[in-house]
Amino acid sequence: MGRYILKRVGYMLVTFYVVVTLTFLAMKMLPGTPFKFANRLTPEQLNQLKHYYGLDQPIPVQYVHYIWNMLHGDLGGSFQYGMQPVTEFLAQRFPISMQLGIESMIIGTILGIVLGIISGIYRGRFLDWGTVTLTVVFISIPSFIFAAILQYCFSVQIRIFPVIGWDTPMTHVLPVISIGVGVMASIARFMRTEMVEVLGQDYIITAQAKGLSTPAVIYKHAIRNAMIPIVTVIGPMTAAVVTGSLVIENIFAIPGIGSQFIDAIITNDYPMIMGTTELYAALFIVTIFIVDILYGVIDPRIRVSGGKPA
Amino acid sequence: MTTSNADVTKELFVPADLNDSVSEQISGESVSAWRDAIRRFVTNKGAMASMIIIFLIVVFAIIGPHFFGYGVDDQDVSRANLPPKIGALSWIPAFSGHEGGVDVYKEKKITKNYWFGTDQLGRDLWTRTWMGTQISLIIALIATLADVCIGVVYGGVSGYFGGMVDNVLQRILEIIAGIPSLVWIILLILILQPGLVTITIAILATSWLSMARIVRGEMLKLKNQEFVLASRTLGANDGRIIFKHLIPNSIGMIIINTMFSVPSAIFFEAFLSFIGLGIRSPQSSLGSLINDGYQMLQIHPYQTLYPGIIISLLLICFNIMGDGLRDAFDPKLRR
Amino acid sequence: MDHLLEIKDLSVVFHIFGADVQAVRGISLQLNKGETLAIVGESGSGKSVTSKAVMGLIPNPPGEIATGEVLFEGKDLVKYSKKQMQKVRGKDISMIFQDPMTALNPTMKIGKQIMEGLIKHQSLSKHDAKNRAIELLQLVGIPNPEKRVDEYPHQFSGGMRQRVVIAIALACNPKILIADEPTTALDVTIQAQILDLMRGLQEKTGTAIILITHDLGVVANLAQRVAVMYGGKIVETGTLDEIFYNPKHPYTWGLLSSMPKLHAKTDKLLAIPGTPPDLSNPPKGCPFAPRCPHAMKVCTEHMPAYTELSATQKAACWLLDERAPKVDPPATIGVGGES
């Protein structure tokens with residue numbers, strides 16, 4: 001197990017390094033400049049600015065410099081906000097995005113698991129048919145369209161929830177639903193498939209043959225086995241939700257990392273784009289790693305065989 | 001169960017002339033895997049309905065922009081923000097040309113009908129919506145076709161040759177997969193400048209991964225099966241094995257995966273256009289129309305409504321069709 | 001009429017893809033206390049479905065017991081409610097399955113899997129149930145049971161897992177044990193061990209066994225009486241000796257001939273040509289007629305009635321009718337090596 005973890009950490013670092021390098025190169029290849037009034041500046045002024053931001057040095061020097069600073073926890077300063085450190089922005093906004101993502105994941109996952117279990121048990125009946133139809137619709141409709149519909153219905157027409165913002169619990173409802181519905185649908189679909197698969201297994205018949213009641217068979221034998229693979233989808237989904245929530249943050253004007261990212265892209269704020277990208281990548285890589293390890297802990301088959309050097 | 005003895009006469013006790021073909025006959029009609037899959041697909045009502053809806057949308061995307069002879073970018077502020085009006089359907093509130101109880105057409109003295117209304121620059125939304133659908137579909141189609149080609153070749157080579165080649169290709173794939181696809185796409189778009197080609201490339205850059213993985217998995221599974229081994233012992237070369245055995249046997253999986261990459265490509269295009277990184281005005285795509293309309297959502301919701309409905313319908317139908325194909329090709333996965 | 005289990009005119013239908021597959025078509029069987037009855041037949045003959053019907057485990061939908069009774073100690077299990085049936089399963093009648101690799105829940109300790117039935121039926125405390133589970137593991141010959149009781153199924157080999165499955169089935173001292181192809185998925189050497197174990201356990205506990213198999217070797221090893229099934233019907237029943245040394249039905253002849261023998265005179269394996277009938281559209285005559293080398297016109301049109309050959313043996317075949325031409329069983333059915 002230890003060797004496996006070590007190997008995985010190695011891969012994680014390599015992947016992250018590749019992301020950092022790619023982002024850096026991408027920034028250097030960007031057309032346009034980060035300076036707002038570039039066309040009104042004299043070449044001298046422009047050069048001064050470039051010198052000030054260290055953009056006049058050869059690219060390899062800039063690269064080494066960037067990596068060096070990064071290892072010391074410095075991602076540079078935002079061009080847009082007078083060289084205020086990028087890390088400061090991220091530290092301030094990341095928790096908000098995280099909160100939005102986690103709230104949506106928790107609600108979506110719980111509802112999804114319940115729906116999936118019900119659907120799997122009543123496979124082929126009306127209830128199942130309804131759930132399957134519902135999940136296809138919810139998986140298909142893009143979250144931003146869903147958000148727009150919710151906003152129009154429940155904030156503009158019927159004024160129950162605030163249109164935008166992120167402070168009182170009421171402001172959380174619509175954004176969390178917008179993201180959570182997709183999560184719920186995906187999890188429900190996956191859970192249903194697993195449930196149907198598990199219910200067809202021989203050990204379910206063994207359990208029935210012992211004389212256990214149907215609820216006992218489903219609860220003790222089916223659900224646990226069906227839940228294990230769910231862990232594998234929850235991880236990547238969390239990462240996708242946290243990164244993908246940027247449209248929702250934009251629509252509901254939530255001061256998270258996503259709206260910051262869009263802002264940075266529009267204004268060519270290189271250090272900010274890079275910082276956000278790297279944070280996203282790190283988040284993604286770490287979640288997938290955690291899921292892999294978690295999976296091994298939950299599933300006894302992997303837990304034990306992973307313990308022996310295979 | 002048993003018959004009374006009266007029916008059983010002595011004459012029946014003679015050997016029956018059963019030819020071998022009767023006893024060897026396989027009960028039930030024998031059908032090839034392909035015909036069987038098609039038969040299952042055709043009986044799937046949801047999938048067939050979805051196919052018809054997609055077909056209709058495609059037809060409208062082709063002929064729709066030519067209905068009224070407006071260009072995509074024909075602006076006329078005098079007819080800005082007209083709600084939808086269809087003469088024959090004006091008894092339905094949504095198509096009456098009224099907004100907030102006022103007949104906007106009368107007020108602005110406009111006699112022509114705009115079926116989906118007009119936007120803030122007075123452009124006909126019917127024309128723009130179907131034009132946008134066309135562009136969304138084209139992007140999805142190209143991205144998907146390219147993703148099939150790259151994915152099949154990459155996955156095929158990796159899975160079939162295995163060993164060192166597989167190892168190297170898989171490490172590369174792992175690293176690319178380690179980057180969130182959104183970040184990857186946005187970086188590409190930033191470098192290449194938004195536009196049709198860029199979006200296609202950006203979508204392609206991430207979508208081939210899953211195809212490559214699936215094809216590799218299929219190859220690994222198939223290449224060690226006995227019929228391949230048998231073919232090899234009979235002297236078949238790599239090319240023959242790949243094209244005669246491996247590809248035909250994995251084509252089902254490839255088709256299913258393709259069916260799921262189309263909606264994801266449509267979604268990504270809309271997503272990017274919505275955050276302003278996609279198709280730029282005056283061109284339209286479903287995503288950019290929703291983005292334009294979204295600015296006016298509180299006053300003129302119809303401007304978001306129609307592109308929103310079409311994209312949702314497209315995505316739902318492609319997903320249902322994908323499910324249908326999966327059930328048809330792989331009864332094991334039938335759920 | 002004091003059989004332990006009596007199946008009367010049992011029919012099971014599966015409604016699949018618009019067709020009605022008649023998997024079991026009106027069979028009758030008896031099982032006495034402490035005996036072993038083997039139900040023999042090729043795949044699709046309805047033997048597994050029969051066993052599931054006795055357990056009340058026919059998946060519904062699509063399956064359904066269309067007619068018939070399953071009398072256990074005189075009471076009809078078909079009429080039992082779900083709750084009543086749960087009290088019979090595992091306690092009075094229990095079952096062991098073909099594939100020990102899949103019959104155990106992979107994420108539950110085997111001890112717990114044995115304990116479940118004990119807690120349910122005998123209301124044992126957890127502690128007592130665990131002690132009993134250890135005893136049972138000992139009984140089925142698993143070494144070091146105190147330690148292994150806390151292990152997961154994947155830590156056991158195939159043969160060991162089948163022992164665990166047997167332990168689960170025997171936990172509550174059932175009166176009937178249904179063994180559905182108990183050795184098919186095992187290595188030959190392990191097969192013999194499991195059969196020995198089952199025979200030994202039956203001597204100790206006096207449990208009646210219904211053995212479902214296609215392997216006549218297993219039948220010869222374990223059974224006292226044999227029922228041969230074909231196309232959803234029982235074509236011949238009798239004692240072990242009657243079926244092996246004096247079979248009357250051409251299908252039984254075919255089965256016996258197709259058994260590979262150590263000292264065979266030919267190198268050829270004798271197969272029964274043809275395929276079993278399509279049970280969604282069952283033939284109106286004898287189901288075996290299309291494959292039968294002695295088929296007559298009557299066979300394809302009328303289902304033969306049972307002919308009682310002795311107090312214990314009967315067969316359903318028109319060849320046993322007095323009007324039929326005399327046919328001798330093939331010479332190839334000599335049961336060499338068996339006794």
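Chain A is the first sequence line, chain B the second, and so forth, proteins listed ahead of strands; every chain is numbered from 1.
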Does atom CZ of B:Phe60 have more than 12 heavy-atom neighbours from other groups under 6.0 Å away?
-> no
Proximal component of B:Leu305, with respect to chain A [non-hydrogen, under 4.5 Å] = neither
Part of A:Ile251 within contact of chain B (heavy atom distance under 4.5 Å) | both
Under 4.5 Å from a heavy atom of chain A, the part of B:Ile316 involved = both
Find the distance between CD1 (A:Ile145) and CG (B:Leu315) and round it off to the nearest 0.5 Å.
-> 7.5 Å
Engaged part of B:Phe271 at the chain A interface, taking heavy atoms whose separation is under 4.5 Å = both
Okay, A:Tyr280 and chain B: the region with an atom under 4.5 Å from a heavy atom over there is both
Heavy-atom proximity to chain B below 4.5 Å, by part of A:Phe261 = side chain
Atom OH of B:Tyr294 and atom OH of A:Tyr152: how far apart are they, to the nearest 0.5 Å?
-> 13.0 Å
Let me know if A:Ile273 has heavy atoms under 4.5 Å from chain B in its side chain, its backbone, both or neither.
-> side chain
Looking at A:Thr276, A:Val247, A:Asp128, which has the largest count of heavy-atom pairs under 4.5 Å with chain B?
-> A:Val247
Minimum heavy-atom distance B:Asn319-A:Ser140, with the two atoms named = ND2-OG, 2.8 Å
Nearest-0.5 Å distance, CZ of residue B:Phe267 to CD1 of residue A:Ile139 = 12.5 Å
Heavy-atom distance under 4.5 Å to chain B: side chain of A:Val137, backbone, both or neither?
-> both
Winner by heavy-atom pair count (cut-off under 4.5 Å) against chain B, out of A:Thr23, A:Asn250, A:Leu283 | A:Thr23
